[in-house]
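This report concerns only the one structure given below.
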Amino acid sequence: MSHFLLFPTDETGRILEDINKVKAQVASLAGPLFDFNEFYIYSHGWWTNANHAMLQYNEFSLGMVVEARQTAAAGHAVVPPVLATGIHWPSMLSEDENSLLNAGEFGTFYSMEKRADGIGQNAVYALIYQLLTTLSTRNAPFHINLIGHSFGCKVICAALQKIAQDTLVKPTPRLRIPANANFNIVLLQAAFDDDALNKGVDGGKSYGGISEKIPNTRFLVTYSAEDIALKDLYPVAQVVHGMFNDALHPPQALGGKGLTNEFMIPTAGHRMAVDIGFQFDPGLRNHRVVNADLAPFHRGRPGAAVFPVGHHNDIFATEIYRLILSFLPT
């Protein structure tokens, strides 16, 4: 039997429930009584209120389950019981979708970008830390599968970057990650710089510690030239909000451009394209890094484009579920 939890947070990333109760719930569900080996953590992106978050999580999780069961029925995979958690963070000026305050939402790009990091460093970090602590005596391999969309990718990567920092010996690490822990990181149209995952000479980019310091990490990254929000609007937003000084060469978004060669080459990354009718491909499980171009798929769905963001939110589709299930190990 699978189980789903939803954790709402405030703007700082504090879970809006007694933290000791939350820890007890996670510890119980990750304990030997339930014996889950598959754990999912989802995070939505910007401009999503609580009602829409629930609808999106319902649609996405149901789509994944339906496709997983159909794949299993065809003899390609086994559907294990999972413990899934969804994070709802305040990514709008008002939770009331009819509020006039939300007319100014476009002006919150910078603040929501920073808020997404805080949500990850607090709420999602606490969940992952509790899972790893509870599972530290587990003998069997287990998988923590993190799926983010847009700024939700910042949420999960900020959490993992903090986990990576905890593994540093200063003088003793705060956290030792079990050798049988496996992290599968799915970044759907990530709204952060395309080089943020790179390891740099200065110690790494924003999330450069994830692949360097956390063992057994795998990455599925999607991007698309049809994602107007990231391909065209993201660089403009960087300049407008003063986060980059060279207006002629602003940063590019990961979800608009894809992973850089500096990340792909050392990790032997696999490049691929997803088109309409994409079928389950278990061969993707052999790759640590998959850089998936969704532009062909998006061009085949012109009716799914939304002004002014294009296909930024076009992720609720059978082909996307098949892509993710092809990448995940079970």
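Keep in mind that this is a model prediction, so the values were computed, not measured. The residues of the chain are indexed from 1 along the displayed sequence.
- Between Y57 and H44, the angle of the ring planes lies from 30° to 60°, which puts this pair in the tilted group.
- In this view, T133 and Y129 satisfy the side chain to side chain contact (heavy atoms under 4.5 Å, CB included) rule, not counting sequence neighbours.
- The minimum heavy-atom distance between A123 and I15, with the atom names listed, is CB-CG1, 3.9 Å.
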Report the C-alpha distance between K21 and I19 in whole Å, list the side-chain angles of each, state the deciding distance to 0.1 Å, and finish with yes or no for side chain to side chain contact (heavy atoms under 4.5 Å, CB included).
CA-CA 5 Å; K21 182 184 293 185; I19 190 61; over 6 Å; no
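- In terms of heavy-atom proximity, S2 sits nearest to F36 at CA-CE2, 4.2 Å.
- The neighbour count for K257 NZ, taken as heavy atoms of other residues, nucleotides or ligands under 6.0 Å away, does not exceed 12.
- Considering all non-hydrogen atoms of both residues, I119 and T12 come closest at CD1-C, 4.3 Å.
- Taking the six-membered ring for Trp and thresholds of 30 and 60 degrees, Y42 and F60 have ring planes more than 60 degrees apart, a perpendicular arrangement.
- More than 12 heavy-atom neighbours from other residues, nucleotides or ligands sit within 6.0 angstrom of CE on M272.
- Atom CZ of R69 is surrounded by 12 or fewer heavy atoms from other residues, nucleotides or ligands within 6.0 Å.
- The main-chain N or O of F142 is found under 3.5 Å from a side-chain atom of N182 such that the two form a donor-acceptor pair.
- No hydrogens or angles considered: nothing links the side chains of D193 and S206 as a donor-acceptor pair under 3.5 Å.
- Between T134 and G31, the closest heavy-atom pair is CG2-N, 4.2 Å.
- No more than 12 heavy atoms of other residues, nucleotides or ligands sit less than 6.0 Å from atom CG of N139.
- Using a distance-only test at 3.5 Å, with no hydrogens or angles considered, a donor-acceptor pair links the side chain of N180 to the main chain of A140.
- Put simply, the side chain of N58 never gets that close to the backbone of S61: no donor and acceptor are under 3.5 Å apart.
- For the pair R301 (side chain) and H311 (backbone), a donor-acceptor distance under 3.5 Å is absent.
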Derivation and outcome, side chain to side chain contact (heavy atoms under 4.5 Å, CB included), residues F109 and L233
CA-CA 11 Å; F109 175 89; L233 300 181; over 6 Å; no
Evaluate the criterion side chain to side chain contact (heavy atoms under 4.5 Å, CB included) for residue pair I147 and Y40; output intermediate values, then yes/no.
CA-CA 8 Å; I147 302 177; Y40 284 75; 4.1 Å; yes
Please output the side-chain donor-acceptor pairs of residues 316-325 that fall under 3.5 Å, not counting sequence neighbours, one pair per line with the distance.
| from | atom 1 | to | atom 2 | distance (Å) |
| --- | --- | --- | --- | --- |
| E319 | OE2 | G277 | N | 2.9 |
| R322 | NE | E67 | OE2 | 3.0 |
| R322 | NH1 | F278 | O | 2.8 |

Please list every donor-acceptor pair under 3.5 Å in which a side-chain atom of residues 217-230 meets a protein atom from a residue at least two apart or in another chain.
| from | atom 1 | to | atom 2 | distance (Å) |
| --- | --- | --- | --- | --- |
| T217 | OG1 | R288 | NH2 | 2.9 |
| R218 | NE | H287 | O | 3.2 |
| R218 | NH1 | N184 | OD1 | 3.0 |
| R218 | NH1 | F327 | O | 2.9 |
| R218 | NH2 | L284 | O | 3.4 |
| R218 | NH2 | H287 | O | 2.9 |
| R218 | NH2 | F327 | O | 3.0 |
| T222 | OG1 | Q189 | N | 3.0 |
| T222 | OG1 | Q189 | OE1 | 2.8 |
| S224 | OG | E226 | N | 3.0 |
| S224 | OG | H298 | ND1 | 2.8 |
| E226 | OE2 | R299 | NE | 3.1 |
| D227 | OD1 | A229 | N | 3.3 |
| D227 | OD1 | L230 | N | 3.2 |
| D227 | OD1 | H312 | ND1 | 3.2 |
| D227 | OD2 | Q189 | NE2 | 2.8 |
| D227 | OD2 | H312 | ND1 | 2.8 |

Start with the C-alpha distance between H143 and L328, add both sets of side-chain angles, then the distance that settles side chain to side chain contact (heavy atoms under 4.5 Å, CB included), and finish with yes or no.
CA-CA 9 Å; H143 302 94; L328 296 178; over 6 Å; no
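- Of all the heavy atoms in F263 and S211, the pair that sits closest is CE1-OG, 3.8 Å.
- In terms of modelled atom types and a separation under 3.5 Å, the side chain of S91 and the main chain of T48 share a donor-acceptor contact.
- At least one donor-acceptor pair under 3.5 Å links the side chain of N216 to the backbone N or O of A181.
- Linking ILVMFWY side-chain heavy atoms closer than 4.5 Å, directly or via other members, places M64 and L62 in two distinct hydrophobic clusters.
- Inter-residue side-chain proximity for S28 and F34 is flagged as met; some heavy-atom pair is nearer than 4.5 Å.
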